[in-house]
Amino acid sequence: MIADLESYRQFEIAEVAEVVAGKGGLPKVRVMTPDVIGEIYLHGAHITSWKPSGAEEVLFVSSQSRWDHDHAIRGGIPICFPWFGSKSDDPTAPAHGFARTREWRLQSISRVGRAVTVTMFTESDESTKKWWPADFRLVYRATFGPELGLELVMSNTGRTSLGFEEALHAYHRIGDIQKARLRGLDGVQYFDKTDSNCKKMQQGEIAITSETDRIYLDTTGAIELGDPQMRRATQVSKENSRTTVVWNPWIQKARALPDLGDDEWTQMVCIESSNVSAFAVDLAPGQQHTMKVLVRVTDL
Ligand code: TA6
């Protein structure tokens, strides 16, 4: 189904940003300037491309991804909210929450220096309350430029306190998972989801040699992803985020996922700035919480 794009014309900036029909006819904002190319879908406020000038595409998107209203896009940066993974008190609830399959609303597109900021939002309604009783407003600001800046702003618009989890579940495109290394988590404790959630301690840099699914705890530091195959390094820094999830499905899990190509596990690694598990966020009525992420790429 091709979306009616007329209502988005008012937001466009000539020769900078436009709203077009993307894959599956889903509307997306396409940013194209001499400094950067970027894409974000209204479906899930889902970034699917960031390519600063002089660099190759930074994000991985699966060739098998589904592009419809009922499924999350496989790749890019899904927003997990208001719970991470399965919902503890309801196994029928959608994994990673409902934000990544909602149709967000476009609030504005603005140009700031060499960057373009796209702002989208979603709010509580009957369909969210089916799963989660809270009143909330979630605003997402994505700034495409020589760096990628992300801000997830959560407001408790209700009269009672609430608790939520959040993750920016970024799929980083890499040349070869077996050569990639992640630095910045040395000495940090983590839950190993591939080993009955055993609590372990990271020693040194991370090399991915099998299915990896870890929640690093109480960590606010920056991560560096070294990719000798693509001769680049990606730095991910963050604010107001106390957990980092690292994921690669490896062979078997990749085969089991219908929307991921059997061999694509070699070309991606997820680095997820988040507040999950024991670091879920509590918000009193009227309060606001902002998680910020900044991504940079440099040549090796
Ligand atoms: O972030 C890691 C993780 O929670 C893994 O356990 C794995 O399930 C992955 O997310 C993908 O989840 P999805 O629901 O998108 O298939």
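Whatever order the structure lists them in is the order used to number ligands and atoms, beginning at 1. The analysis underlying the following values was restricted to heavy atoms, covering all of them including side chains, and did not include hydrogens, waters or symmetry mates.
- Atom CE of M32 sits about 7.5 Å away from atom CD of E18, to the nearest 0.5 Å.
- With hydrogens and angles left out, the side-chain atoms of T194 and E211 include no donor and acceptor closer than 3.5 Å.
- Here the side chain of E39 pairs no donor or acceptor atom with the backbone of R30 at under 3.5 angstrom.
- Remark: R74 fails to qualify as a cation-pi partner of Y171 under the 6.0 Å distance and 45° angle criteria applied to the six-membered ring.
- With 3.5 Å as the limit, one finds no donor-acceptor pair spanning the side chains of Q107 and R141.
- Listed by chain and number, R74, F84, A95, H96, R100, H169, K193, D213, V245, W247, E272 each place a non-hydrogen atom less than 4.0 angstrom from ligand 1.
- Here the side chain of D186 pairs a donor or acceptor atom with the backbone of G204 at under 3.5 angstrom.
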